[in-house]
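To start, the structure under review is shown below, and the notes come after it.
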Amino acid sequence: MNFENILVSKNNNLAQITINRPKKLNALNKATIEELHQAFDALESDVAVKAIIITGSGEKAFVAGADISEFAHFSVDEGSNLARKGQEILFNFVANLATPVIAAINGFALGGGLELAMACHFRIASDNAKMGLPEVSLGVIPGYGGTQRLPQLVGKGKAMEMIMTAGMISAEDAKNSGLVNHVTTQEELLPLAEKIAGKILRNSSVAISAAIVAVNANFEDGVNGFDTEIKAFGDCFGTEDFKEGTTAFLEKRKPNFSGN
Ligand code: COA
């Protein structure tokens with residue numbers, strides 16, 4: 001896969017996407033959003049890929065937001081189309097991928113950058129990372145799911161404060177608030193992401209995909225997550241991985257999952 005704004009690599013069952021516009025602090029312009037969609041779509045269809053890490057290039061930023069220069073002149077309709085299309089092809093797309101996605105936040109994750117990290121299934125950060133939704137300082141609000149996902153992760157009061165003040169929080173504060181799961185040094189960030197991904201890779205990928213659907217159902221309007229869980233739980237009993245996992249346990253050996 002050859003892209004202008006992102007790098008994609010694969011190592012065994014683990015893929016890595018690096019947003020690669022360091023001179024613009026990896027800001028998400030339209031082309032980058034489209035490339036990210038294509039890359040995630042291709043990795044999701046690749047049966048060999050069982051987990052994806054996304055990070056930013058350089059030492060300064062994960063993503064410093066949507067590219068302000070691209071939407072500064074937009075009309076009301078263009079603004080809502082920007083948010084709708086972005087949510088559809090990238091942010092909701094990532095949140096609903098069957099393949100687990102870990103955000104490795106290596107610096108600024110602001111606006112659309114934090115929204116992208118929040119769309120991932122979970123996040124880890126380097127100790128220099130700074131996170132925030134500064135949109136109201138530009139006269140706009142978060143439009144890529146930030147008003148929905150931030151309260152889900154940190155609670156309504158903390159989210160309201162972060163959005164209203166447009167301020168940035170430290171990696172440590174983000175960890176204490178539940179926004180990121182782990183904080184480490186910048187050097188150790190990708191090794192830690194790979195170590196966690198390694199633990200994921202040992203498990204049944206078909207069961208993990210079912211778990212993503214069930215957990216996400218908790219946050220969907222008009223969907224009963226308990227019912228979704230019952231259906232997904234039952235479906236697991238028809239998989240080869242379930243037979244292998246339970247048989248391996250009973251035979252006191254490690255399972256060898258096929259992902260089917
Ligand atoms: N959109 C477009 N360009 C951006 C950008 C964004 N969201 N964030 C950074 N850039 C660009 C800058 O314009 C600058 O480009 P230039 O060198 O061509 O002038 C380059 O990236 C480096 O950024 P700079 O502001 O010089 O770095 P800094 O270290 O002084 O400040 C930030 C870092 C993150 C505090 C600052 O870049 C910033 O506030 N960015 C915007 C954050 C934001 O509001 N995001 C939400 C958008 S909805």
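For this chain, numbers begin at 1 and follow the sequence in order. Every number for a ligand or one of its atoms is a count from 1 in the order of the listing.
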Just list the N/O pairs, ligand 1 to protein, that are under 3.5 Å apart, with the distance for each.
unit_1   : atom_1 : unit_2 : atom_2 : d
ligand 1 : 1 (N)  : A66    : O      : 3.3
ligand 1 : 1 (N)  : I68    : N      : 3.0
ligand 1 : 7 (N)  : A64    : O      : 3.0
ligand 1 : 7 (N)  : A66    : O      : 2.9
ligand 1 : 15 (O) : K24    : NZ     : 3.4
ligand 1 : 18 (O) : K24    : NZ     : 2.5
ligand 1 : 21 (O) : K23    : O      : 3.4
ligand 1 : 29 (O) : K60    : NZ     : 2.6
ligand 1 : 45 (N) : A64    : O      : 3.0

- Message: Strictly distance-based, threshold 3.5 Å: is any side-chain N or O of N26 a donor or acceptor partner for the main-chain N or O of A61?
- Response: yes

- Message: Using a 3.5 Å distance criterion without hydrogens, assess whether the side chain of T165 forms a donor-acceptor pair with backbone atoms of G167.
- Response: yes

- Query: Could you give all pairs that pass the side chain to side chain donor-acceptor pair (under 3.5 Å) test and reach residues 229-240, with sequence neighbours left out?
  - Reply: K231-D235, E240-S258

- ring-ring contact (aromatic ring centres under 6.0 Å, His included) partners of residues 85-117, not counting sequence neighbours, each pair once: H37-F93, F91-Y144

- The side-chain contact (heavy atoms from CB on, under 4.5 Å) partners of K195 (sequence neighbours excluded) come to none

- The reported gap from CG in L82 to OG in S80 (rounded to nearest 0.5 angstrom) is 9.0 Å

